[in-house]
Amino acid sequence: MRKDYTGTIKSIKNIALNTYEMKITSELNEAHSGQFISILCPNKTLRRPFSISNFDAETKTLTVLFKLKGEGTQYLKSLNEGSKIKFLGPNGNRFSLENRNCLLVGAGIGIAPMLFLKKELSEREIKNYLISGFKEENEIIQGSDENVIGGSVLDNLENIIKEKKIDLIYACGPTIVLKKIAQIAADMKIKCYVAMERVMACSIGVCRGCVIRLHKGGEIVYGSVCQDGPVFKGSEVVWE
Ligand SMILES: Cc1cc2nc3c(=O)[nH]c(=O)nc-3n(C[C@H](O)[C@H](O)[C@H](O)COP(=O)(O)OP(=O)(O)OC[C@H]3O[C@@H](n4cnc5c(N)ncnc54)[C@H](O)[C@@H]3O)c2cc1C
Ligand code: FES
């Protein structure tokens, strides 16, 4: 259930250039891939959203991967094992797990929810193939290093889809990359889900700060990334 939690940092470590893995234990007892938590950083008024990159129900431990951006993520970096952390979650919808030939695409830190999705699909014995793209070699994140594309995940995407007989794509990363993936999926008549990112204020569907335009039943409607998303069908997003 979504609520405010106080968690304890179980571990925090530098896993790639300017990128950290943080494990948090708390009373949160259920989370799914695609969902995110919004962390209160005392030096910032607005909570900062981060995808859940793993969740272990037995130990009630969730993992987030974060890339340093500004003061909020600098604060997170300053935390240590045992530090307390306040967060709201789990927020948003989740990836629909479908028994197809799945391609998971993580561009940059967009790999974070894909690692959790890969785990959920694999637990259900759903065939999946993960590709990730990082600008620099020292940005590559462990666990995503199976099929790293040096540079853009878009390079060679059509060939991979054909070769692996993919019929469902899940993607997360910068909007410009998601837009292109959604276009490729549409051209190749493949189903596609994208996990969108927007700067968020409330994270609970109230402020309308994170709305995007969606195609619904022949009309264009507004949907919030934090509440209606972050996962949308690639075909329903109005790509601006
Ligand atoms: C649903 C969701 C899931 C996310 N998951 C992750 C994740 O797993 N790992 C991760 O590292 N980051 C993730 N982000 C982005 C993360 O929330 C921001 O990087 C973080 O809030 C930056 O906080 P800051 O105080 O350090 O930087 P700020 O000082 O707030 O921002 C620094 C710069 O980054 C830009 N920025 C801030 N937030 C965003 C955003 N959401 N999208 C694009 N640009 C932004 C600002 O405009 C500014 O230019 C996610 C965002 C969303 C909406
Ligand atoms: S962040 Fe307020 S509605 Fe999404």
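Numbering of ligands and ligand atoms starts at 1, following listing order.
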Item to complete: Taking atom NZ of K86 as the centre, report whether more than 12 heavy atoms of other residues, nucleotides or ligands fall under 6.0 Å from it.
Response: no
Fill in: salt bridge (charged side-chain N to carboxylate O under 4.0 Å, His left out) contacts in which one or both residues fall within residues 164-185, not counting sequence neighbours
none
Worksheet item: Is the shortest distance from a Lys or Arg side-chain nitrogen in K3 or E27 to a carboxylate oxygen in the other one below 4.0 Å?
Response: no
Practice prompt. Would you list the pairs meeting salt bridge (charged side-chain N to carboxylate O under 4.0 Å, His left out) in which at least one residue belongs to residues 181-193, sequence neighbours left out?
Written response: E98-K191
Worksheet item: Can you name the residues that come within less than 4.0 Å of ligand 1, going by heavy atoms only?
Response: F36, R48, P49, F50, S51, L65, F66, K67, K69, G70, E71, G72, T73, I109, A112, E197, R198, V199, M200
Discussion item. Hydrophobic clusters here meaning ILVMFWY residues chained together by side-chain heavy-atom distances under 4.5 Å, can you tell me if I52 and I12 are in one?
Written reply: yes
Worksheet item: Is the number of heavy atoms from other residues, nucleotides or ligands within 6.0 Å of CD (E125) greater than 12?
Response: no
Worksheet entry | Of the protein N/O/S atoms, how many lie under 2.8 Å from atom 4 (Fe) of ligand 2 | 2
Item to complete: Mark yes or no for whether R48, through its side chain, and L46, through its backbone, hold a donor-acceptor pair below 3.5 Å.
Response: yes
Worksheet item: Would you say the side chain of M22 lies within less than 4.5 Å of the side chain of I9, judging by non-hydrogen atoms?
Response: yes
Practice prompt. Could you tell me whether K119 and D56 have a side-chain N and a carboxylate O separated by less than 4.0 Å?
Written response: no
